[in-house]
Each structure stands twice: as structure tokens, then as C-alpha cells.
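Note that the structure is predicted; figures quoted are calculated from it, not measured.
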Amino acid sequence: MLVSLFADEEVVTFTVADSLPVVYTVGDPAYLSCVGKTETKPNQTVIWTKDEGDLPTGSRVDKGVLMLPSVHRNDEGSYTCEIVKEVDPVFSTVDLQVDDYVPIINGDPIELPPLTDEEIVNFDIEITLNSSDSKGILFETKRINSGDFLAQPVDTIHHEAKISDHGTIVYEFDVGNGRQIVETTNPINPNEWNVVKIKNDKNQVTIQLNGETATIRQHSNPLPSLSLGVNRPVFIGGRHEPTSEADDFNGIIAQVLLSGQNVGLGEARIPPSVVKYNACASRNLCLNGAKCRNTNNHQGFSCECSSKFHGEYCQWRSNSCHEENCNTGICLDNEESWQCVCPLGTSGLRCEEKIDIPQPLGFTSDTSFLAVRKPVKFESIKMKLRPTADSDEHILMYFASEYGASTKQYASLSLIDQQVVLTVNKPNMEVQKVKSEPLGAGELIDVAVRQTGSALVMTVNGNQVSEIQTDTLKPGTEIFIGGIPPGLSSPDDVVEQSFQGCVYEIFINSQDVDLQNLSSSGDISSCEESNFDDDDGVVVVDEVTVATEEPEEETTTTTEEPEPETTTTEEPTTEEPTEEPTEEPTTTEEPTTTTEEPTTTTTEPPTTTEEVYHFYETSRDSDPLEIEIPVETTTTTTEEPETARILPTDSVEEGNDVSDEEDEIAHVSTVAPDTDDYSEGTLPPDSGEEVEVEDSCVDGVCPMTTTDAPNNICINSTCGMNGQCVPRNKTHYTCECKLYYDGPTCSLFKPIEHAARFDGDAFIELSSDEFPHLTSEKDEIVAFKFKTEQPNGVLLWQGQRPTVTQMEDYISVGIVNGHLHFSYELGGGAAHLISEDRVDDGKEHSVRFERKGREGQMKIDNYREINGRSTGILAMLNVDGNIFVGGVPEISKATGGLFSNNFVGCIADVELNGVKLDLMATAIDGKNVKPCDEWMHRKRWLYRRRMR
């Protein structure tokens, strides 16, 4: 707190137009004035305070203005001005924003502190630059001997990189075995951002430019021991002692990483000739109303998104709207309603169900799309697809140099009037288009576009259509397939309507697209190929080619004795015996074969498909059992026994969850669990019905029609007193369990499973066996999600047993002053990874922590990873204490004073090394833990009854 007292007879008036953030750059002096128009009178005081923490060192107040001599990133925040008056004091708040310093260098280098001995021996630098000049020194640093001070200093270690006359990066070094040179294969891209990575350790030298193939050279001789010497500063953009003007670097240096750590360039010694680069002043780089900030990163700026968007440019819609959470999906705000667009491999109302990736891919919605990670350059694309038989315009592929409708360079493939159209737009040129010949409705299309020399060549079904003259295209966006993500705009010439149909293969730059590693995707379903008419009379079902001829009559039997011949009708839903046999079939064996169908056919209609139902459950538990339960029938004709199929979301091995009779039935009828998780139920092929649940159901409950009333499927259901039977159709019903209950009969009480609430005096204790640390060569991963409004609290802790009094190795995750801290101690000095942004905002945050030896990484939501390393040479984590989640008993003592508060809020979906924990079943102890209702969903078990 600083107080300013005005002298007698001194009157000062100060004015600030509005309360928008005051923006300064690292290293600048800052001046903060009270908001509004206020006149101070003699003997009045102005008091300044920082909302969180103390005022920066060196701050002072002069005539009511708070003066900061040199601001840093951690000086950001809200500052409160209080004008003390006789009646009521006047308060106002000023938000200080401190951006990174991005230098434009014109010959004179900036100076960074010297490297440590370890850093200069294991040299590791990454530098991002933008220059129009194909020459200049990028950096230089050296170590000189410290022997005879009267003698001329001699370099014992030297590192230097420059741009050659050909535009390549040349790295010259001497680490004790004489001067050597390594050079990149390709030149830099003028007037574009280029990333240079150089590593030189005891084994080899590696140099890489713009993510292309690295140049690697092994050291021919072992490196000598480090002699006595002094490390000199690191000069960026030149040498300490330039030899000629030809060595001058002219351009922008956006980022420098040394040993993996981002160096704040504003903290460097900056000569007067260096000026500040302001990327945010040029144009609207950030989308959807996001705030642009000058930043030391790969492009010189970053975007701060609102809660409705995320992404590097805030181009993606977020996963929440209307206070609903779509998990990994996109939430669409439709005024008074909402909709989740689910990524590939998920389904459900809130994208909470994990499903297999379909093959082929079905594009059936206006929100269907794939976003393939952008390559360094575009070389080719090849797609095989079959559209539905309509004449609408559909997008097949699109990418651009930047996001938004104002982009000046883009390429797209579209279906327009049943023709494939290639469109290319380049700056200062007219839009170019080429078209294929008209294609048949619903025809299988094999389309390819390839960069050949200075032209893009398009072929359709093996026939070259035409070409467009253009240089190599460099995508600045993802390559979008079959649609453009909701909320992302495109130029007017680009077709926006999503593709409708099946996609069989996608190759980009001759590589099959990895569907497990997409940037994003939405609403991709299985492809119903029976919707297509094929001139050849052949369709592909599950990658098996089947003739579509009428099935011939087949002979079926139910016993070993000959039986009358029966015919199979075309409908796959019913099978009736002919009128000739009037007697029931006889059986001579024990009824142990009741698991088989009493009447079977040797050949089933090949084009039968199954309708998929989705039942929503956030947990992804182990493989459930599929249980066939026979139900008595009273019919006298040949019938199938009525069965109920239970598709549970959790294992049903708990004996106390099933009655004696049910347990016996389950024991007799249980089949081996499938290898895949049940995430959906299937309507039996013989049900004869195709019912769309979402179309006829309200809040997941479907009304029974009057025709169903006489055969109410919920009569004698097994849902129990804690479950509600919900009919789906004539053959299906679900047991919807009350909150906190689970199991086939909704009798298993599970208040805490994957989500728990902590009140500051609570904790869950897990056995150390759940998270073993057996080697330093294996990745150890912790992941979970949380939300809190408290600025301090421990989320996860593992250290020594309580009997050990000395603070030794530990691993911890906690919140300190609103920022997330990931820390671990291996015996040589702790690593501390700290988030830049606060996480005590009451919002949901998904976090992931990785450690391998001394190296650590922290990832929060969709932001860039934060990397760190512990000091010393020890790489093994030696802890034998149990794991605590949400709190620790006697926290200050147990954590050696690192934490003094337990966590307050919700923690969910805790995973240790990829294994998701049942917090209630896994815990060995705990205290005061309560359910976190907002992250719980009712469990639903699907039953199927077959009646003929």
C-alpha cells in the first residue's frame, strides 16, 4: 500500500477517460491514475493497493498517480485507488496489462544473461525470427578461459548461428574438438515466421528449420572436460563485437527458448536502435472479440478468448453454453436451447459416451466436419467418397492462409450441380476455378488434387480435369474435410454447407489421415450404405462385399430329426413356419441349449442393418457383461423365449446387487464380455421397428403409444425401488437409476465414483500401489478435472510416510495464489511449473501432468504445454507414502510447509497412468468427502425383450 499526502493549498485534478485496461510492455515505466474526474483538496490522501499481493518494488505515488519504474508480467492485475475524503472515500480500480517485449533488431544485438555451465555444455536453443534479409547473425555466446589475466582471452567453447547468403541456417560451434559447421538443407522463408532449433549435447548435434527433416551429426570424439572459464552473455541478433555490417541481422525476433525455457526478451539489455514490434496494432488477428496481446511465442502475439471460444486465434467454439457442458464436444447456443457437436469417437447428449470410430465415415448433419492438423505445406489430397443423391452444394475440402472471412489465400473442393469444383484464391489475383464433367447422382467419386511444379492438377475418377497455375500453398489453418466447424466463417466464394454422404478414404500429402490425431471433428456417424443405389447391384457392408440378390428358400430344423421345410421371408424381423407343420418340434436333449435360437436360418438377409441407440453415461468403466435372462412364455406355438439384454455401464460382479434368483439366472446365462466397452444398445434385427428416440422422447422419457398399452414392456421390470422403468419401444426399456445409485436393479449405492466435492477439511487417501515409481525412464501421467473459487489448496500430494520427519522426495499439484502449481523433488532441487493464468475462476479446468525423469510437463485445458526440469542429476522419484486427493491430514507438517490449505471445490475423472479411478472403490481412507452433483449423471441400463 502506498499513501500520497497533498501539501497545503495544493489542488490537483486528474482524469481517466474510461476503465479499459492500461497496456504497457515489459520494461516500460507505468503510470496509473484514479478512474474518473476527481479534485483533491489540501491535506487529502490517495492510497494505492494491489488486489492480489504487494505493490511492485520501487513503486511510488506522486500527486495521486501511481508510478511503476519498470513493469514485469507478474505486475499485471487490478490496482485500487482510494481517495480519502471527510465523508465517504472514493474508490476506483485500474486494470494493468503487461505485454511481452518483441524486438525489431537493426544491427545491434540484445544481450541476455550468461548460460550456466551445464547449459553451455548441453546447448539447447530455439529461436523464432521473421526477416526479409537473407543474411545476419542470429546469436552468439562463448566461454573464455580464466587463467592468466594478462594473456589474451581464448574461447574454450563457442556457439554461433547465422543466415547464409543462400538463406540457409549455418551453425558454427567449438566444444573442445575444434570448429565445426552444421547447416540446414532448406532456406528460411522470407517475410514469414521461421523457427530454428539447435541442440548440441555430448553425443550429437541437431539443427532443424520449420519442423522439416533435421540435420544430425554425431560427435567423432568424446568431449573434453569443462576447464576453468567464464561464460559470456548470449547475444541475440548479432555478435558482441561485430566484424562487418554484412553480419548485421535485420528483422524481428519473436521468441527465444534456452534449455526449453521461454526467455522474456523484455528483461534483456536493449540498445537504443532496437524498437518494439506491435503485432496487435496491424489488423484484427484474434477472432470473436478476443483480446490481442504481444507475446514471446512463434508468431509474436497471442489471443485471450472469452468463455465461449478457445484456440490459438479463439476460432473454436467452447464446450459449454447455457450452463451445459459438452465435454470434448462443441456447444452450440441456439438462443433458448443448446446442442452438442460431438467429436469422432464420442456420442451422447453431452458427448459423454465413448464409441468406436466408424468405417466408412458418415457425414449426415449440417455440423459434420473433420479438421486435419495443418501440414508445413500442401502437396496433395486424395479422397474417395459417395454423396447422397441430391443437387445441393456441398463442401469437400477447405484450407486458408488464416482464419476468418477476410483471408486472401485459400483453396477449396466442392460439389456444385453434381460437378467437382476446385477453387483457388491468391492475393492480388482473381479467383480461379476448374470443374469436372457432371457426375451421376450418388455416384462413387475418386477425386485428387496434386501440386505439380507451379500448378494444381485435379483428377476425378482417374481423368485429369484441368489445372490452376499457382505456387505452393502453405496452410495457415487446419485442412477441413466435409464441412467447416460451427462458428468459423469463410470467404463468400466458399461453399459452407457440409457434405452429405460416405467418405471411404482421405490421403493428405500421400499419408493416410490419422483419425485418432485430428485437431477437431464433429457429428461423424456410421455410414448407412444401404441408402445408396448401386448400378452394379453390389453394396459394401462392414467392408464385406455382398450380392443384393433375393435370398433363396432355406431348410431349417430345430431337432436332430427331419422337420418340415420352412421358408424365410424377405423381412429380416420375423420368421414364421409354413402352414403345413401343425405339430410342435420335439427335442430329445436337456434344455441346456436354450441360449440358441429355437428356429434359425443358415443364411440371413445380407443387407440387414441395426439401429443404434445412445444412452447417456459419463463414466467409461471396464467391459460389462452381457446377460441373457430367459423369461417364461405362455404361448403354445413355436416361439423364442423372451429375453432381456442388460447393457450395464459398470461390472455386475457384486453379489449383493442381485437377488438369489437373478444371480442364478445370471450365472447360467452370462456370456463372456466383449472386448469393447458397451457405449450403446442395439435394436435387434428382428424387432421390425425403427424408432428415433430423440424425436419422440422428452428428457429421455418416451411415451407409450396406445397400441403398446396391452403389452406394457415395463410390467414386471427389474428396475427396483431406486430405479424407474422407461419404455423405449416394443422391445426395449431402460432402468434409469436415481442419483447415487447404480447396478442392474439400481440397488448399488455409489454416492462418490468419479467426482467428489471437498470442503477444505476433506481428503481421499489412495494406496501408493496405484501410482508406482519404478523407473526414471517411463512416463508418469496424472490427469483430472477440477473447479474452484479458492486461491489456495492442494489437489494431489504424494510424499513420504508419516513416520518420516525429514522433507524428502515428493510430487504435488496445488493452487497457490490462484495459479496452478505442479512440483516434484527428486533430491537435487525441485521443479516448479506454474500456470500463467489463474484457475480459481469457478470454471471447469481439465489438466494433465507428465513426468519422465527430471523432465516435467503441465497442460491446462487447450493451452500450450508448460515444461520444466528439476535441478541436479537425480532422476528417480523415491516416495513410499500414499496418495492424497483434495487434501492432506496435518497439511503444513505433511507437506513441509509447501501448502497450508486443503482444496475447496470439485475434482473428477482422476487418472493415474491412464487408469481412471473409482474414488470410492479405490480409496483406503477419507474424510468429509461429498458427492459433486453437477458432475454426476444418472445411470441407465438397457434391457431388450424378444417376443415372437
Side-chain angles (χ1 to χ4, degrees), residues 118 259-260 754 756 763-786 793-816 820-835 846-860 865-899 902-903 907-919 921-926:
E118 181 181 357
S259 298
H754 299 301
F763 68 88
I764 292 175
E765 183 177 0
L766 308 172
S767 170
S768 59
D769 295 336
E770 302 291 341
F771 196 38
H773 313 283
L774 304 178
T775 175
S776 62
E777 300 299 323
K778 185 178 179 181
D779 288 325
E780 295 181 357
I781 302 173
V782 177
F784 55 85
K785 64 181 182 180
F786 73 92
V794 62
L795 288 157
L796 181 140
W797 172 268
Q798 186 182 19
Q800 308 303 321
R801 293 185 181 275
T803 55
V804 179
T805 57
Q806 183 179 357
M807 185 65 183
E808 297 182 358
D809 289 11
Y810 69 85
I811 183 169
S812 71
V813 179
I815 302 173
V816 180
L820 192 64
H821 281 227
F822 173 40
S823 178
Y824 51 90
E825 168 66 72
L826 308 179
H832 296 280
L833 284 68
I834 305 173
S835 68
S846 296
V847 292
R848 177 184 173 91
F849 311 91
E850 296 187 29
R851 186 192 70 85
K852 183 178 181 181
R854 295 169 51 209
E855 306 294 331
Q857 184 181 91
M858 174 172 68
K859 182 172 178 60
I860 307 173
E865 298 89 350
I866 299 171
N867 297 289
R869 174 193 293 176
S870 61
T871 57
I873 61 174
L874 300 177
M876 188 76 176
L877 179 62
N878 296 306
V879 292
D880 56 4
N882 288 329
I883 305 151
F884 290 88
V885 177
V888 185
E890 300 183 74
I891 183 170
S892 294
K893 178 181 177 181
T895 64
L898 290 176
F899 296 97
N902 285 328
F903 178 71
I907 299 176
D909 297 342
V910 178
E911 294 185 8
L912 299 178
N913 289 335
V915 178
K916 187 174 181 180
L917 301 182
D918 184 330
L919 297 177
T922 313
I924 61 175
D925 196 7

Mind checking ring-ring contact (aromatic ring centres under 6.0 Å, His included) for [X] and listing every partner two or more places apart, or none if nothing turns up?
X: Phe849; result: Phe784, Phe822
X: Phe899; result: none
X: His821; result: none

Problem - Test side-chain contact (heavy atoms from CB on, under 4.5 Å) applied to Pro889 - qualifying residues, sequence neighbours left out - result: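 So Pro889 forms a side-chain contact (heavy atoms from CB on, under 4.5 Å) with Phe763, Phe884.
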
Handout entry: Contacts of type side-chain contact (heavy atoms from CB on, under 4.5 Å), residue Ser776, not counting sequence neighbours
Key =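 Testing Ser776 for side-chain contact (heavy atoms from CB on, under 4.5 Å), a comparison that skips the adjacent residues, returns Ala875, Met876.
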
Handout entry: Positive for side-chain contact (heavy atoms from CB on, under 4.5 Å) with Trp797, one of Ile891, Leu898, Asn902
Key =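 The option that passes is Leu898.
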
Under 3.5 Å donor-acceptor, [X] side chain and [Y] backbone:
X: Gln800; Y: Asp809; result: yes
X: Ser870; Y: Ala830; result: no
X: Tyr824; Y: Gly856; result: yes

To the nearest 0.5 Å, tell me how far [X] [atom1] sits from [Y] [atom2].
X: Ile811; Y: Leu877; atom1: CD1; atom2: CG; result: 6.0 Å
X: Asn867; Y: Ser259; atom1: CG; atom2: OG; result: 12.0 Å
X: Glu911; Y: Leu917; atom1: CD; atom2: CG; result: 8.0 Å
X: His832; Y: Ile866; atom1: NE2; atom2: CD1; result: 14.5 Å
X: Gln857; Y: Leu833; atom1: CD; atom2: CG; result: 9.0 Å
X: Asn882; Y: Ile764; atom1: CG; atom2: CD1; result: 13.5 Å

Exercise for the section: Determine, for Glu850 against Lys852, whether the closest basic-nitrogen to carboxylate-oxygen distance falls under 4.0 angstrom. Expected result: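 No.
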
In chain order, what residues pass the side chain to side chain donor-acceptor pair (under 3.5 Å) check against [X], with sequence neighbours excluded?
X: Gln798; answer: His773
X: Glu770; answer: none
X: Arg854; answer: none

Problem - Leu820 versus Ile860, closest heavy-atom pair with distance - result: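 Here Leu820 and Ile860 meet closest at CD2-CD1, 3.8 Å.
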
Practice task
Write down the atom of Val794, the atom of Phe903, and the distance for their closest heavy-atom approach.
Solution key: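 Residues Val794 and Phe903, closest heavy atoms: O-CB, 3.2 Å.
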
Taking only residues two or more places apart in sequence or in another chain, which ones pass salt bridge (Lys or Arg N to Asp or Glu O under 4.0 Å) with [X]?
X: Glu855; value: Arg869
X: Glu865; value: none
X: Lys785; value: Glu844, Asp909
X: Glu765; value: none

Problem - Chi angles and distances behind the side chain to side chain contact (heavy atoms under 4.5 Å, CB included) call for Leu912, Ile883 - result: CA-CA 11 Å; Leu912 299 178; Ile883 305 151; 4.1 Å; yes

Handout entry: Side-chain heavy-atom pair Arg848, Ile781 within 4.5 angstrom cut-off
Key =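 Yes, at least one pair of side-chain atoms sits under 4.5 Å.
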
Practice task
State, with a plain yes or no, whether a side-chain heavy atom of Asn913 is found less than 4.5 Å away from one of Lys778.
Solution key: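 No, their side chains stay 4.5 Å or more apart.
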
Exercise for the section: Verify side chain to side chain contact (heavy atoms under 4.5 Å, CB included) between Leu796 and Phe771, making sure each step is shown before the conclusion. Expected result: CA-CA 12 Å; Leu796 181 140; Phe771 196 38; 5.7 Å; no

Exercise for the section: Give the C-alpha distance, both sets of side-chain angles, the deciding distance and a yes or no for side chain to side chain contact (heavy atoms under 4.5 Å, CB included) between Tyr810 and Thr895. Expected result: CA-CA 9 Å; Tyr810 69 85; Thr895 64; over 6 Å; no

